[in-house]
Amino acid sequence: MDRINIEDLTLEEGFEKIDELIETMADGDISLEESFDKYKLGMEILKVCSDKIDKVEKQIEILNAEDISSNE
């Protein structure tokens, strides 16, 4: 698998890549070392996706707070 820039992935692309990694690992046709590398990559992608979700949640909280204060 070519090295990807995980920071540039959208959430959807990130989750698709994780699914691909899981399928490859589940097939069992790869070495333990390759499985570990794919696991590590999957965890990196998951962290980036989680960070992106957290960022969006914070933006929503800010927008909601601004909306509440403008309605008072």
Side-chain angles (χ1 to χ4, degrees):
M1 175 187 286
D2 295 330
R3 190 71 181 157
I4 55 174
N5 186 353
I6 59 177
E7 297 291 331
D8 292 339
L9 295 175
T10 65
L11 286 173
E12 294 81 6
E13 291 169 336
F15 292 132
E16 286 176 17
K17 288 289 184 191
I18 291 171
D19 283 340
E20 290 173 14
L21 292 169
I22 291 170
E23 286 179 27
T24 301
M25 291 169 58
D27 286 344
D29 293 334
I30 59 175
S31 69
L32 182 59
E33 184 176 321
E34 288 174 298
S35 290
F36 179 72
D37 289 342
K38 291 188 183 313
Y39 174 82
K40 195 165 97 174
L41 177 59
M43 293 304 291
E44 291 172 9
I45 294 171
L46 191 57
K47 168 106 175 63
V48 169
C49 289
S50 178
D51 290 346
K52 288 181 181 189
I53 290 170
D54 289 345
K55 183 178 177 181
V56 170
E57 286 176 342
K58 287 177 186 171
Q59 290 173 340
I60 290 171
E61 288 174 10
I62 291 168
L63 290 174
N64 285 337
E66 289 174 358
D67 188 45
I68 290 170
S69 66
S70 67
N71 287 329
E72 291 178 352

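Quick caveat: nothing in here was measured; it's all calculated off a predicted structure. All residue numbers refer to positions in the sequence shown, counting from 1.
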What residues, two or more places apart in sequence or in another chain, satisfy side-chain contact (heavy atoms from CB on, under 4.5 Å) together with [X]?
{"X": "E7", "value": "N5, V48"}
{"X": "E33", "value": "S31, D37"}
{"X": "I53", "value": "L11, F15, E57"}

Nearest non-hydrogen partners of I45 and K17, listed with the distance: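 The answer is CD1-CB, 3.8 Å.
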Set of side chain to side chain donor-acceptor pair (under 3.5 Å) partners for [X], sequence neighbours left out:
{"X": "N64", "value": "none"}
{"X": "E16", "value": "none"}
{"X": "D51", "value": "K47"}

Test M25 against I22 for side chain to side chain contact (heavy atoms under 4.5 Å, CB included), laying out the working first. CA-CA 5 Å; M25 291 169 58; I22 291 170; 5.8 Å; no
Measuring only between side-chain heavy atoms, which start at C-beta, is V56 closer than 4.5 Å to K52?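 They are not in contact (no side-chain heavy atoms under 4.5 Å apart), so the answer is no.
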Return the [atom1] to [atom2] distance between [X] and [Y], rounded to the nearest 0.5 Å.
{"X": "I6", "Y": "C49", "atom1": "CD1", "atom2": "SG", "value": "8.5 Å"}
{"X": "E20", "Y": "E13", "atom1": "CD", "atom2": "CD", "value": "10.5 Å"}
{"X": "L46", "Y": "I18", "atom1": "CG", "atom2": "CD1", "value": "4.5 Å"}

